[in-house]
Amino acid sequence: ILKPHPLQGSLAVTVRSGDKGLLKLFSKLNGKKTASYENGLRKGTSARCQKRILVTGTSIERFKDMGEIVHAPMIEIKPVTDFRSVDAAISRLDSYDVVIFTSKHAVRHFLERLRKKKEDIRNLRGKKIIAIGKTTARELAALGLSAGEMPGDESAHGILKILKGFPVKGKRFLIPRSDLARGLIPDELRE
């Protein structure tokens, strides 16, 4: 059983072979960007067909040995073009108590900007660093940092569970993230 990431969707549709109405309805899903595996057999042959795996995330690495990969990312990662808010946060880096990374992309882009601003990445080592999950923690480790905390439930709710046991009043949090990200963590921290 493949458990999807909490922020990813999985859809598997099974239809009786004789149900022409449903087959027609769902045939729109069975195309170039979807996975199709009919009874484990290629139509009209007895040869096993290779599984086609639809990956909607940004990385195919963990799925590459499972079958033919159909990569259709649901999001597009674009670099920041206006660095004013990022640079302002970097200029106040010493004032933050906790840094929360909610994706490997946030780690990569934020630390890249730190380097461009000639800031020492080691300045983050004295901070409490929270990574949303294993992939984010691995990205931090690859760049020389360690996540002190990581929720078992790799989600914003998991991070909030960690923070329930942490005295947040009077603490300053830095959350490098997309401008399209949900505001759940910042909103809960403000409350």
Side-chain angles (χ1 to χ4, degrees), residues 1-14 34-35 51 53-67 69-78 80 85-86 89-90 93-114 121-191:
I1 295 175
L2 175 66
K3 182 179 177 189
H5 185 279
L7 299 178
Q8 299 298 320
S10 294
L11 176 64
V13 178
T14 304
T34 63
K51 289 182 187 176
I53 309 298
L54 173 66
V55 178
T56 59
T58 57
S59 175
I60 64 168
E61 287 307 307
R62 70 181 218 191
F63 305 102
K64 66 181 179 181
D65 296 329
M66 296 175 70
I69 301 297
V70 178
H71 191 209
M74 299 291 284
I75 62 171
E76 180 181 4
I77 306 298
K78 291 184 178 181
V80 174
S85 62
V86 176
I90 288 171
L93 200 55
D94 289 343
S95 71
Y96 294 103
D97 302 295
V98 181
V99 183
I100 301 173
F101 287 103
T102 59
S103 76
K104 70 178 182 179
H105 303 290
V107 170
R108 194 175 300 142
H109 291 288
F110 185 73
L111 297 183
E112 181 180 301
R113 188 63 181 174
L114 270 178
I121 194 172
R122 291 177 293 189
N123 292 340
L124 289 174
R125 288 193 181 137
K127 312 284 179 205
K128 179 180 188 72
I129 297 177
I130 301 173
I132 198 163
K134 294 177 206 139
T135 302
T136 304
R138 276 193 299 273
E139 189 71 25
L140 282 163
L143 296 168
L145 293 173
S146 176
E149 298 269 357
M150 185 177 61
D153 169 12
E154 297 184 8
S155 69
H157 292 286
I159 288 175
L160 291 172
K161 284 178 191 171
I162 287 173
L163 294 175
K164 283 193 188 295
F166 182 76
V168 298
K169 190 170 184 157
K171 302 291 184 191
R172 299 214 46 213
F173 292 81
L174 175 60
I175 311 171
R177 64 194 189 111
S178 166
D179 59 351
L180 299 176
R182 290 178 41 208
L184 182 63
I185 296 171
D187 292 346
E188 288 290 321
L189 286 170
R190 283 186 197 99
E191 277 188 37

Please determine which of I130, I185, D97, L163 meets the side-chain contact (heavy atoms from CB on, under 4.5 Å) test together with F173. L163

Atom [atom1] in [X], atom [atom2] in [Y]: separation rounded to 0.5 Å?
{"X": "T135", "Y": "M150", "atom1": "OG1", "atom2": "CE", "result": "9.5 Å"}
{"X": "F166", "Y": "E149", "atom1": "CZ", "atom2": "CD", "result": "8.5 Å"}
{"X": "I100", "Y": "K127", "atom1": "CD1", "atom2": "NZ", "result": "13.5 Å"}
{"X": "I175", "Y": "I159", "atom1": "CD1", "atom2": "CD1", "result": "8.0 Å"}
{"X": "E154", "Y": "T136", "atom1": "CD", "atom2": "OG1", "result": "7.5 Å"}
{"X": "L124", "Y": "I129", "atom1": "CG", "atom2": "CD1", "result": "5.5 Å"}

Which heavy-atom pair separates I132 from A156 by the least distance, and what is that distance? CD1-N, 3.9 Å

Pairs flagged by side-chain hydrogen bond (donor to acceptor under 3.5 Å, both in side chains) wherever residues 157-171 is involved - sequence neighbours left out: none

Taking R177 for its side chain and S103 for its backbone only, find out whether a donor-acceptor pair lies under 3.5 Å. no

Mind running side chain to side chain contact (heavy atoms under 4.5 Å, CB included) on E191 and D187 for me, showing each step along the way? CA-CA 6 Å; E191 277 188 37; D187 292 346; 5.5 Å; no

Take I90 and R113 through the side chain to side chain contact (heavy atoms under 4.5 Å, CB included) test and state the conclusion after the steps. CA-CA 9 Å; I90 288 171; R113 188 63 181 174; 3.7 Å; yes

Can you check whether S178 reaches T102 side chain to side chain, under 4.5 Å on heavy atoms? no

Would you mind telling me which of H105, K104, R108 makes a side-chain hydrogen bond (donor to acceptor under 3.5 Å, both in side chains) with E139? R108

Taking side chain to side chain donor-acceptor pair (under 3.5 Å) as the test, write out the residues that go with D65, two or more places apart. none

